[in-house]
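Down below is the structure, laid out as structure tokens.
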There are 2 protein chains.
Amino acid sequence: MSEECCPEVPSCCDMRGMLSFYILWLLSKRPMNGQEISEELRKRRGAKPTAGTIYPALKELRTKGLVEMERKGRTTIYSLSEDGSKGLEKACEYFCSAFGDIFQEYRKAT
Amino acid sequence: MSEECCPEVPSCCDMRGMLSFYILWLLSKRPMNGQEISEELRKRRGAKPTAGTIYPALKELRTKGLVEMERKGRTTIYSLSEDGSKGLEKACEYFCSAFGDIFQEYRKAT
DNA sequence: GGTTTAATATTGGACATCCAATACATTTAT
DNA sequence: ATAAATGTATTGGATGTCCAATATTAAACC
């Protein structure tokens, strides 16, 4: 379907991390199933996470009570819980505080 | 010494990752020793990485040829190599492309 | 019904990142 | 000279994130 442009993953240093955070952020936009989440991540981070990446992460978020799920036939719709929503807010604050300078610099440069 | 304010690490989701990337970015500002790098990370990410975190990361960056070091008495000064500089550029591009939306949203909200 | 397809899910192995604990070298203080 | 302080470094164990491989389930197709 969509062949939308996506960033090239750099070879120089490891860019893993923040997956659960990113999933929470995506779910704050709208409830999604696993494949939709994976596709969003592909568009944004340049590589589509496989099933072995995405479902364990979702399971952990559910265990922590941050995400709720509802099975609908073949698919499972994941959505933010109230705790997930509150947690995301704190996490966004932290993320932008921790990495803000790097973004600022990029904005100036372009 | 400096008790500068630093962000509170959220409990909701894991915020590890991007350490090597962040180190490269810091070293692009100026050469530093391990303790200075750790202190910069504390101010920005809210927790000071211990020796077991920082030195293996620096060692790996050196193995990859991205970082150079020079021993000076008690301290070791680390600096970006040419490859490190080029790699960082790509990595910054990727990082901002991958996480830009989250940051944009934060800017609007505040 | 029987096959294919799409989505979900688990397992096992690899690796980066994290800490606590330990060790060592060099400078500084006594 | 000895002790304390500072900076560097390694080890071992935990955890999150990553993929390939495999399995399961439900819908769609013939």
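Excluded from the calculations below are hydrogen atoms, water molecules and symmetry mates; all remaining heavy atoms, backbone and side chain alike, are included.
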Practice task
Would you tell me if any nitrogen or oxygen in the side chain of Lys59(B) comes within less than 4.0 Å of OP1 or OP2 on dA9(D)?
Solution key: no

Practice task
Would you check if the side chain of Ser97(A) reaches a backbone N or O of Glu93(A) as a donor-acceptor pair within less than 3.5 Å?
Solution key: no

Practice task
Over 60° means perpendicular and under 30° means parallel, so classify the ring planes of Phe95(B) and Phe103(A), tilted if in between.
Solution key: tilted

Handout entry: Touch class at under 4.0 angstrom, heavy-atom based, for Thr50(A) against every strand present
Key = base

Handout entry: Lys86(B)/Glu89(B) salt bridge by N-O under 4.0 Å criterion
Key = no

Practice task
Kindly determine whether Leu61(A) and Ser20(A) satisfy side chain to side chain contact (heavy atoms under 4.5 Å, CB included), including the steps that lead there.
Solution key: CA-CA 7 Å; Leu61(A) 287 172; Ser20(A) 297; 4.0 Å; yes

Fill in the blank from the handout: Of Arg74(A) and Asn33(B), the one whose closest nucleotide on DNA chain D sits nearer the 5' end is Asn33(B)

Handout entry: Gap between atoms CD and P, on Glu39(B) and dT8(D) respectively (whole Å)
Key = 13 Å

Exercise for the section: Please check if the side chain of Tyr22(B) supplies one atom and the backbone of Ala98(A) the other of a donor-acceptor pair under 3.5 Å. Expected result: yes

Exercise for the section: Please confirm whether Phe99(A) and Phe99(B) have ring centers closer than 6.0 angstrom. Expected result: no

Handout entry: For chain A, the stretch of DNA chain C it reaches, first to last nucleotide, under 4.0 Å of its heavy atoms
Key = dT5(C) to dA16(C)

Exercise for the section: For Gln35(B) and for Lys72(A), find the nucleotide of DNA chain D with the closest heavy atom, then tell me which residue's nucleotide is more 5'. Expected result: Gln35(B)

Handout entry: Pair Glu40(A) + Lys29(A): basic N to acidic O under 4.0 Å
Key = no

Practice task
Would you confirm whether Arg71(A), through its side chain, and Gly73(A), through its main-chain N or O, come within 3.5 Å as a donor-acceptor pair?
Solution key: yes

Practice task
Produce a footprint string for nucleotides 12-17 of chain D: one letter per nucleotide, 5' end first; B if the base is under 4.0 Å from any protein heavy atom, S if only the sugar-phosphate is, - if neither.
Solution key: ---BSB

Exercise for the section: State whether the side chain of Ser81(A) and the backbone N or O of Glu68(A) hold a donor-acceptor pair below 3.5 Å, judged by distance alone. Expected result: no

Problem - Arg62(B) CZ to dT10(D) P, straight-line distance once rounded to whole Å - result: 10 Å

Exercise for the section: Provide, to the nearest angstrom, the distance between the CZ atom belonging to Arg71(A) and the C1' atom belonging to dA27(D). Expected result: 11 Å

Practice task
Name the nucleic acid region contacted by Tyr78(A), choosing base, sugar-phosphate or nothing; use a 4.0 angstrom heavy-atom cut-off, strictly under.
Solution key: sugar-phosphate

